[in-house]
Amino acid sequence: GLVQGNRVRAQNIGRNFLALLRNVLGGEMGQYSRLLTESREQAMSRMVPQAEELGANAVVNLRFATSMILSGAAKILVYGTAVILED
């Protein structure tokens with residue numbers, strides 16, 4: 001069956017200021033990369049119990065979607081199909 005998890009995160013002023021500087025100077029915005037990685041992991045950790053409740057031992061066709069909900073706040077959604085894999 002279909003399982004999903006999501007996470008909504010807001011930026012903070014400190015990260016925004018550092019990102020603005022990085023945007024001017026160039027390079028990776030490490031603060032936002034870490035924020036995205038943490039959010040993705042948290043969304044997946046919310047999806048796994050749903051799969052377990054269905055008796056599944058794997059999730060296939062995993063997809064991620066992001067969207068901005070408010071200025072400075074974004075949502076990450078992870079979804080897939082919970083399945084039972086045999087040995």
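Computed from a prediction, not measured in an experiment: that's the story for all the values here. All values below were derived from every heavy atom in this structure, side-chain atoms included, with hydrogens, water molecules and symmetry-related copies excluded.
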Joining Ile, Leu, Val, Met, Phe, Trp and Tyr whenever any side-chain heavy atoms lie under 4.5 Å apart, the cluster holding Tyr79 also takes in Leu2, Leu77
Could you go through residues 59-68 and list every donor-acceptor pair under 3.5 Å that involves a side-chain atom there, pairing it with any protein atom two or more places apart or in another chain?
from, atom 1, to, atom 2, distance (Å)
Asn61, OD1, Arg63, NE, 3.3
Asn61, OD1, Arg63, NH2, 3.1

Starting at CG of Leu36, measure out to CD of Glu41 and round the result to the nearest 0.5 Å.
10.0 Å
Please list every donor-acceptor pair under 3.5 Å in which a side-chain atom of residues 43-50 meets a protein atom from a residue at least two apart or in another chain.
from, atom 1, to, atom 2, distance (Å)
Ser45, OG, Gln42, O, 2.8
Arg46, NH1, Asn6, O, 2.9
Gln50, OE1, Gln4, N, 3.0
Gln50, NE2, Gln4, O, 2.8

Side chain to side chain contact (heavy atoms under 4.5 Å, CB included) partners of Ala82, counting only residues at least two apart
Val3, Ala51, Leu54, Ala56
